[in-house]
A.B. asks: 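What follows is a structure written as structure tokens; I'll ask about it next.
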Amino acid sequence: MINQKIKSAIEAYSDELTALRRQFHSEPELSFEEVKTTAFVCDYLDKLGISYRKTEPTGVIAEIQGASGGKTVVLRGDMDALSVEQLNKHVPYASKIAGKMHACGHDAHTSMLLIAAKALADVRDELPGNVRLLFQPAEEIAQGAKAMVEQGAMEGVDNVFGIHIWSQMPTHKVSCTPGPSFAAADIFKVHFKGKGGHGAMPEDCIDAAIVASSFVMNVQTIISRAIDPQSPAVLTVGKMEVGTRFNVIAENALIEGTVRTFHQDTRDEIEKGISQYAEQVAAIYGATAEVEYIRGTQPVINDEASAKLVQHVAAEAFGAGVLYDEKPTMGAEDFSFFLDEAPGSFALVGSGNPEKDTEWSHHHGNFDIDEDALATGAELYAQYAWAYLSK
């Protein structure tokens with residue numbers, strides 16, 4: 001099932017792979033601003049003779065067509081960076097742009113997918129099908145995958161595969177288990193309206209600060225008392241705006257937070273509970289409440305057959321010891337929008353190495369990857385495509 005030409009090609013291109021990752025890392029671009037990255041990808045694909053089209057406003061859909069037609073498998077790599085100031089400025093590939101950084105590994109994903117494309121292009125005459133390459137923008141704001149789907153990225157696709165570098169796993173390890181992998185991520189906003197007034201005359205007012213505080217202190221009981229303990233869920237209040245000055249009783253309060261779940265019924269119950277709690281807490285104090293619940297990404301649920309194929313490919317390519325059982329994360333991934341269109345799976349490739357100081361959490365200013373993991377990811381991309389099309 002493993003293609004030895006692909007394995008040899010990835011090894012031969014390993015230095016180029018590292019150089020690509022370092023270039024992308026030093027020139028980060030935010031979501032839907034990946035203009036230079038998109039242009040670089042297009043130029044690289046031109047040199048490989050791989051056809052492509054740009055998506056709007058950024059991003060690239062490319063395709064390597066096999067000699068005999070057949071099925072189409074998608075490989076996806078995201079490209080955007082974060083509004084994070086790089087703290088580990090001593091590395092030679094540190095971000096050149098203040099306040100922007102590849103703090104999640106998308107520079108690695110783009111580089112790995114380019115080198116996988118190069119290796120697959122070397123064997124295109126032997127490919128028993130087609131490989132579509134999605135260089136996706138705007139994953140960090142959970143809008144890029146949906147935009148690509150709307151622009152035809154998944155038309156005629158039989159299977160989809162993605163990879164995320166993972167600093168919480170040892171370098172080279174690969175995890176891809178059937179079932180839940182990343183959680184659905186929703187946003188809720190609650191606006192409480194009371195009656196403002198002088199801080200010395202509370203009897204004439206309805207204090208929105210009290211209403212909001214009561215809501216924050218009690219809303220967690222949705223999780224602890226309304227949700228099945230065997231159905232993981234997180235409800236976090238991350239923002240609270242209330243009041244205007246020290247001696248004015250607040251008339252308005254705004255609360256914003258996020259909900260993370262794996263199951264649709266859990267999601268529905270929490271959405272209902274937030275509205276009930278907001279309305280009832282407001283009523284206790286004579287205030288009013290308006291709730292906005294925004295459903296974001298779907299949960300990433302790995303298809304069983306696809307996930308097992310990833311495990312088989314990884315074990316055959318790198319040895320059985322490479323397999324790792326990473327527990328599902330409450331983090332979110334808009335890869336879920338691709339899985340809405342076709343079966344597939346999403347794998348984690350470990351890049352954590354304490355000797356290289358690469359175990360920092362994703363989105364931290366010290367985040368970095370063990371670049372030895374790049375070849376693992378690039379080969380996994382290419383070998384998965386080969387194996388799926390060869391089934």
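Bear in mind the structure is a predicted one, so any value in this text is a computation, not a measurement.
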A.B. asks: Going by an N to O cut-off under 4.0 Å, is there a salt bridge joining Glu371 and Lys356?
C.D. replies: no

A.B. asks: Does Met1, at its CE atom, have more than 12 non-hydrogen atoms belonging to other residues, nucleotides or ligands within less than 6.0 Å?
C.D. replies: yes

A.B. asks: So does Lys47 have more than 12 non-hydrogen atoms from other groups sitting under 6.0 Å from NZ?
C.D. replies: no

A.B. asks: Could you check, using the six-membered ring where one of them is a Trp, whether Trp166 and Phe182 have ring centers closer than 6.0 angstrom?
C.D. replies: yes

A.B. asks: Using a 6.0 Å cut-off, check whether atom NZ of Lys391 has over 12 heavy atoms from anything other than its own residue.
C.D. replies: yes

A.B. asks: Are Tyr277 and Phe215, when compared by the centres of their aromatic rings, separated by less than 6.0 Å?
C.D. replies: no

A.B. asks: Is a salt bridge present between Glu271 and Arg295, judged by a nitrogen-to-oxygen distance below 4.0 Å?
C.D. replies: yes

A.B. asks: Is there a path of hydrophobic side-chain contacts, each under 4.5 Å between heavy atoms of I, L, V, M, F, W or Y residues, that connects Phe40 with Leu134?
C.D. replies: no

A.B. asks: Is any NZ, NE, NH1 or NH2 atom of the basic residue among Glu333 and Arg76 found under 4.0 Å from an Asp or Glu carboxylate oxygen of the other?
C.D. replies: yes

A.B. asks: Is the ring centre of Tyr384 less than 6.0 Å from the ring centre of Phe161?
C.D. replies: yes

A.B. asks: Ring centroids only, cut at 6.0 angstrom: are His362 and Phe367 within range, meaning strictly under it?
C.D. replies: yes

A.B. asks: Mind running salt bridge (Lys or Arg N to Asp or Glu O under 4.0 Å) on Glu290 and Lys189 for me, showing each step along the way?
C.D. replies: CA-CA 8 Å; Glu290 294 182 3; Lys189 301 179 182 181; over 6 Å; no

